[in-house]
Amino acid sequence: MASCWRPTHSSFRCLLLFVFVLTVEGAGAERTNSSVEVEQKDGQFDTSYLDIVTSNVQIIYTFNHTVTRNKTEGVRVSVELLSEGTKSPVLFVVRQKQAVLSFQVPLILRGLYQRKYQYTQVGRTLCQPPTLALSETQFFYVDVSTLSTSSVQYKLRISRVESFTLQTNKKFSFNATPSQPQFFKYEFRDGVDTVIVKVNSEKNFPCSVMSVQDIQCPVYDLDNNVAFIGMYQTMTKKAAITVQRKDFPSNSFYVVIVVKTEDEACGGPLRFYPLSPDELLDAGNRSKTLEVVVYPAIDSEVYVMGMLFCLGIFLFFYVLTFLLACIENKRMHKKREGLLKSSNMSPAETGKSPPSPYEYGSFGDNGSTLSSEPVTDSLASTDANYGYLERSLDTVGRCRQESLSSVEEDDYDTLADIDSDKNIVRTKKYLFVSDLARKDKRVLSKKYQIYFWNISTIAVFYALPVIQLVITYQTVVNVTGNQDICYYNFLCAHPLGALSSFNNILSNLGYVMLGLLFLLIVLQRDVVHKRALTRNDVTALECGIPKHFGLYYAMGTALMMEGLLSACYHVCPNYTNFQFDTSFMYMIAGLCMLKLYEKRHPDINASAYSAYACLAAVIFFSVLGVVFGKGNTAFWIVFSVLHIVFTLLLSIQLYYMGRWRLDTGILRRILHVIYTDCIRQCSGPMYIDRMVLLVMGNIVNWSLAAYGLIKKPNDFASYLLAIAICNLLLYFAFYIIMKLRSGERIQCLPFVCILFTAVVWGSALFFFFQGLSTWQKTPAESREHNRDCILLSFFDDHDIWHFLSSIAMFGSFLVLLTMDDDLDAVQRDKIYVF
């Protein structure tokens with residue numbers, strides 16, 4: 001045509017041709033329209049119309065209704081196709097003042113893998129745009145047409161929807177199917193800024209979707225478009241969405257309920273395809289009875305009370321620690337004054353003889369018990385006590401020459417073989433702390449400080465991408481409205497700003513605050529100990545468990561990071577980021593076991609590099625288990641074998657105090673030990689106590705490995721954490737038993753901490769196992785476990801778990817810190833190693 005309109009003499013000829021074409025097309029269209037018969041009928045509400053439509057007959061129904069500004073009525077169109085075997089669908093078009101709704105019958109909806117489902121009964125609710133007039137009469141038209149040459153019979157019914165506007169705290173029940181969705185309107189009352197929309201059903205299936213959409217036309221109320229706008233959740237029995245007034249400028253919104261064509265999204269089975277006639281019939285009968293109710297959410301006062309409560313609980317521990325420190329300082333000051341007065345008196349005047357520094361305890365004949373009367377560290381640090389305990393460093397039996405050139409830890413052992421042979425010292429039947437505290441104290445201090453610096457570095461590099469990722473998750477949830485991304489307890493999820501569940505994040509504050517408090521307590525002890533070393537206090541140099549605080553600093557840092565990463569996880573808890581919540585739990589368990597071992601084995605404890613490498617391997621397997629471990633037999637076989645092998649290697653390392661080698665000759669040495677100790681002469685193990693611990697540890701670990709291989713638990717991360725906690729508890733119980741068996745005692749403060757921590761741990765685990773949500777299932781199945789808030793209408797069971805577990809971890813750390821305070825004045829060559 002472009003060539004026809006060139007400025008030439010043929011332009012007029014092209015114009016005549018174009019006019020001729022239009023004339024012919026218009027005549028054809030006129031002949032076509034004249035062949036279609038249009039019937040127009042005045043429709044009445046709540047009246048069923050049985051009519052027939054063909055390609056030559058089109059029917060238009062005219063309806064009118066009165067719309068008022070302060071009252072909203074729902075109008076529902078119900079259609080049923082009565083003719084069977086119709087090849088061409090019937091098209092229904094509803095023309096309103098500000099919207100057009102069209103659908104065909106049979107209605108075709110698509111499921112997973114583009115499966116088609118046909119429904120011959122369709123019900124749709126018309127959207128109701130707001131009106132500016134106080135009252136007006138609105139008309140709408142229903143056009144019915146088809147291209148079928150044969151007659152198609154249908155039934156049409158237009159009815160008013162009762163209770164179209166939802167009332168606060170008032171339940172409303174209704175039925176829905178995939179082809180007959182329902183939606184209702186809710187208007188915010190004055191003074192209500194946030195509400196919770198809850199939908200319940202007695203049946204798990206069919207799977208449904210609950211959506212909250214703004215007041216606009218069209219309303220997206222079919223399975224294939226319900227996720228286009230607004231916020232939505234899949235549901236089986238429960239669904240709950242918190243709605244804020246600020247997100248809806250019209251101060252109202254629609255609650256849309258859609259039944260899905262398939263149940264796979266809610267964890268149900270996926271039918272085989274193509275479907276049998278019975279399954280097709282069942283697909284058309286996917287009716288579900290639901291109940292919707294709107295509750296007002298908490299107001300700002302409850303937010304403030306929740307935050308003050310959370311902050312007050314943990315500030316209480318700061319105040320309590322400060323008061324106890326003041327009381328202890330005052331008590332020790334009085335003791336110093338009393339000792340200063342008694343130091344000016346002769347032994348005859350006091351009636352007491354000066355105690356010998358070696359009379360704090362003695363072993364019995366069997367060498368297994370220690371009878372002692374511990375002396376407090378305050379007694380050993382006074383001027384009077386110096387008269388009894390102070391000795392020159394050159395008379396100490398274990399003279400330690402401190403290197404002035406370098407105190408960095410390296411591959412060389414600082415124990416000079418010319419003074420003592422490690423194989424002889426460490427393989428003695430009865431070991432004392434002095435045997436395993438022979439290295440330069442500055443070297444060991446540097447060694448254990450590496451734990452703190454390494455975990456600080458790990459924390460920074462681990463936390464930054466985690467924070468970035470969860471912010472992205474939260475942004476995606478807010479933008480898309482897909483609330484299936486995050487596994488919240490939706491019945492107690494209180495939003496604040498961009499955060500969907502602020503209460504779950506706030507409750508992690510305890511880990512951070514109590515971790516910081518523990519660091520301050522450790523810092524105070526570290527400063528006191530360094531001052532004692534500076535003034536050459538013999539008690540600090542030669543008595544008690546060697547004090548190295550690097551692992552304590554690492555434990556406090558790990559506790560703070562656990563709070564930060566747990567808060568990040570609860571920004572959007574789901575399947576892909578669960579390791580954020582557990583990674584530092586593994587580290588805390590590992591650091592606690594290392595600290596227990598370091599108390600009696602300071603020279604041979606693992607280095608920070610090897611320890612963190614092992615923890616990295618644990619986290620690596622945790623990720624593999626979450627991704628590949630669900631029902632994967634091959635993975636569980638490999639993991640169980642590695643678990644057992646690692647347990648055996650660690651048992652050998654602990655039993656022989658590291659004095660063994662893994663090389664080509666190990667099999668020969670094993671056979672030699674079996675021959676000499678079991679066949680040639682039947683002799684018991686040389687180290688009975690260690691053997692008992694290791695046998696029990698192997699029984700526990702082999703049992704856990706067998707359980708994992710047989711049951712294949714879905715929550716691999718929790719299973720792995722259970723292994724770490726069981727080993728920690730076993731070693732801690734062994735330590736306490738051996739401490740008491742060796743004649744040592746537990747002072748009042750650690751004893752109170754042990755009882756308090758045990759009670760708190762028991763209470764915390766009770767709330768942990770309530771299971772308010774689970775990412776191991778579908779989001780809809782997870783919501784079946786959701787529960788209402790139980791504390792201050794702000795915190796749920798999992799928040800209480802956060803409170804109690806942070807307190808329990810803090811108490812556990814205090815137990816580790818103070819449990820050997822009774823040995824502060826006991827010489828190290830009289831303290832058992834176990």
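Hydrogens, waters and symmetry mates play no part in the numbers below; they use all other heavy atoms, side chains included. Numbers here are sequence positions counted from 1.
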Classify the angle between the aromatic ring planes of [X] and [Y] as parallel (below 30°), tilted (30 to 60°) or perpendicular (above 60°).
| X | Y | value |
| --- | --- | --- |
| Tyr719 | Trp636 | perpendicular |
| Trp801 | Phe768 | tilted |
| Tyr569 | Phe578 | perpendicular |
| Phe756 | Phe317 | tilted |

Apply ring-ring contact (aromatic ring centres under 6.0 Å, His included) to Phe767 and list each qualifying residue two or more places apart in sequence or on a separate chain.
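If we apply the ring-ring contact (aromatic ring centres under 6.0 Å, His included) test to Phe767, skipping adjacent residues, there are no hits.
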Side-chain heavy atoms of Ile450 within contact of Ser607, under 4.5 Å:
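They are not in contact (no side-chain heavy atoms under 4.5 Å apart), so the answer is no.
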Just by distance, no angles: are the side chains of [X] and [Y] close enough, under 3.5 Å, to form a donor-acceptor pair?
| X | Y | answer |
| --- | --- | --- |
| Tyr553 | Asp526 | yes |
| Gln747 | Thr818 | no |
| Asp799 | Ser507 | yes |
| Tyr511 | Ser566 | no |
| Asp820 | Tyr735 | yes |

Drop me the distance from [X]'s [atom1] to [Y]'s [atom2], to the nearest 0.5 angstrom.
| X | Y | atom1 | atom2 | result |
| --- | --- | --- | --- | --- |
| Ile588 | Ser583 | CD1 | OG | 11.0 Å |
| Ile455 | Met560 | CD1 | CE | 11.5 Å |
| Glu264 | Thr778 | CD | OG1 | 9.0 Å |
| Ile725 | Met585 | CD1 | CE | 8.0 Å |

Could you check whether any side-chain N or O of Lys439 sits under 3.5 Å from a backbone N or O of Pro602, counting only pairs where one atom can act as donor and the other as acceptor?
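No; zero donor-acceptor contacts below 3.5 Å.
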Backbone N or O of Asn574 within a donor-acceptor pair of the Asn577 side chain at under 3.5 Å?
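Side chain of Asn577 to backbone of Asn574: a pair is present.
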Lys777 atom NZ: more than 12 heavy-atom contacts under 6.0 Å
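Not buried by this count: 12 neighbours or fewer within 6.0 Å.
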Could you tell me whether Trp761 atom CH2 has more than 12 heavy atoms of other residues or ligands within 6.0 Å of it?
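Enclosed: over 12 neighbouring heavy atoms sit under 6.0 Å from CH2 of Trp761.
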Does this structure show an ion pair linking Glu744 with Lys599, if we count only N-O contacts that are shorter than 4.0 Å?
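Here Glu744 does not pair with Lys599 in a salt bridge, since their nearest N and O are not under 4.0 Å apart.
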List the residues meeting salt bridge (charged side-chain N to carboxylate O under 4.0 Å, His left out) with Arg787, not counting sequence neighbours, and say none if there are none.
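None.
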Just to verify, what does Lys547 make a salt bridge (charged side-chain N to carboxylate O under 4.0 Å, His left out) with, not counting sequence neighbours?
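Listed in chain order: Asp824.
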Verify the ring-centre separation between Phe549 and Tyr448: is it less than 6.0 angstrom?
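No, the ring of Tyr448 stays outside the 6.0 Å limit from the ring of Phe549, centre to centre.
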